[in-house]
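Presented below is the structure to which this report refers.
Positions are given from 1, in the same order as the sequence printed here.
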Amino acid sequence: MNNNDFITQNASSYTHEYSNFPHSLIQQHHFKDADDSVASLINEITDLKTSGLYDLAAKKITENADILSQYNIDAETINILEEEIRNVQIMGIQKHQCIYFGNEPEICCRSDVWLGE
């Protein structure tokens with residue numbers, strides 16, 4: 001079986017809410033540490049949050065999304081990364097055979113061997 005056959009046969013195991021793995025490369029993110037160019041904006045947003053003005057802080061973040069996107073990791077980015085990691089794990093598990101001893105494994109794949117008692 002070649003790699004493309006393997007991917008096609010196992011594609012249903014992957015999740016695709018955020019990811020198109022294994023049919024496309026994992027998106028690389030290039031985040032920056034905060035610097036002087038955004039410090040005043042980040043401090044203003046932090047002050048709004050500290051004061052309990054979450055709606056104003058959210059509005060400020062939305063208005064400056066193009067600038068902050070390089071500096072701010074949001075929940076969607078974390079969800080993307082988590083799904084990509086999960087899909088790579090699924091592929092890794094399916095690409096090799098495992099032998100389990102003792103209790104039934106939580107996850108096992110076709111062609112794995114389970115030696116029970």
Side-chain angles (χ1 to χ4, degrees):
M1 170 185 330
N2 69 33
N3 195 41
N4 289 336
D5 292 337
F6 175 84
I7 290 171
T8 303
Q9 289 178 0
N10 293 289
S12 63
S13 301
Y14 304 113
T15 56
H16 296 286
E17 185 174 353
Y18 299 97
S19 164
N20 196 29
F21 181 86
H23 303 292
S24 67
L25 294 176
I26 295 172
Q27 176 186 356
Q28 285 190 313
H29 299 89
H30 300 284
F31 295 106
K32 298 179 180 180
D33 289 329
D35 55 25
D36 290 340
S37 67
V38 294
S40 62
L41 177 58
I42 291 172
N43 287 335
E44 183 180 352
I45 292 167
T46 302
D47 290 344
L48 289 169
K49 289 179 185 179
T50 303
S51 301
L53 303 171
Y54 299 106
D55 290 341
L56 292 175
K59 182 178 178 189
K60 185 66 76 173
I61 291 168
T62 302
E63 290 170 350
N64 295 283
D66 56 329
I67 297 167
L68 293 174
S69 65
Q70 300 172 14
Y71 300 91
N72 186 34
I73 298 176
D74 58 4
E76 183 174 11
T77 304
I78 292 170
N79 290 337
I80 290 168
L81 295 172
E82 185 178 46
E83 183 170 284
E84 297 283 21
I85 291 167
R86 180 182 184 278
N87 286 338
V88 170
Q89 288 172 322
I90 291 169
M91 177 179 264
I93 288 170
Q94 292 174 344
K95 279 197 163 266
H96 72 277
Q97 184 180 45
C98 294
I99 299 175
Y100 299 96
F101 298 95
N103 295 334
E104 183 175 354
E106 183 177 327
I107 299 173
C108 60
C109 299
R110 185 178 304 148
S111 81
D112 283 353
V113 177
W114 171 40
L115 302 175
E117 295 178 17

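With sequence neighbours excluded, no residue forms a ring-ring contact (aromatic ring centres under 6.0 Å, His included) with Tyr54. A search for salt bridge (Lys or Arg N to Asp or Glu O under 4.0 Å) contacts involving Glu44 returns Lys60, not counting sequence neighbours. Under the side-chain hydrogen bond (donor to acceptor under 3.5 Å, both in side chains) criterion, Glu63 pairs with no residue at all, not counting sequence neighbours.
Linking ILVMFWY side-chain heavy atoms closer than 4.5 Å, directly or via other members, places Ile61 and Tyr71 in a single hydrophobic cluster. Hydrophobic clustering places Ile45 together with Ile67 (ILVMFWY residues linked when any side-chain heavy atoms are closer than 4.5 Å, directly or through intermediates). Hydrophobic cluster membership is shared by Phe31 and Ile78, with clusters built from Ile, Leu, Val, Met, Phe, Trp and Tyr side chains linked at under 4.5 angstrom.
Side chains of Glu83 and Asn79 form no contact here, defined as non-hydrogen atoms less than 4.5 Å apart. Side-chain atoms of Leu53 and Asp47, non-hydrogen and from C-beta on, never get closer than 4.5 Å to each other. Within the 4.5 Å cutoff, the side chain of Gln70 has no heavy atoms near those of the Val38 side chain.
Shown here is Asp35, whose CG atom has more than 12 heavy atoms of other residues, nucleotides or ligands within 6.0 Å.
Taken from CD1 in Ile73 to NE2 in His29, the straight-line distance is 8.5 Å, to the nearest 0.5 Å. With rounding to the nearest 0.5 Å, the separation of CG in Leu48 from CG in Leu56 is 6.0 Å. Separating the NZ atom in Lys32 from the OG atom in Ser69 is a distance of 9.5 Å, to the nearest 0.5 Å.
Between the side chains of Thr77 and Asp74, at least one donor-acceptor pair of N or O atoms lies under 3.5 Å.
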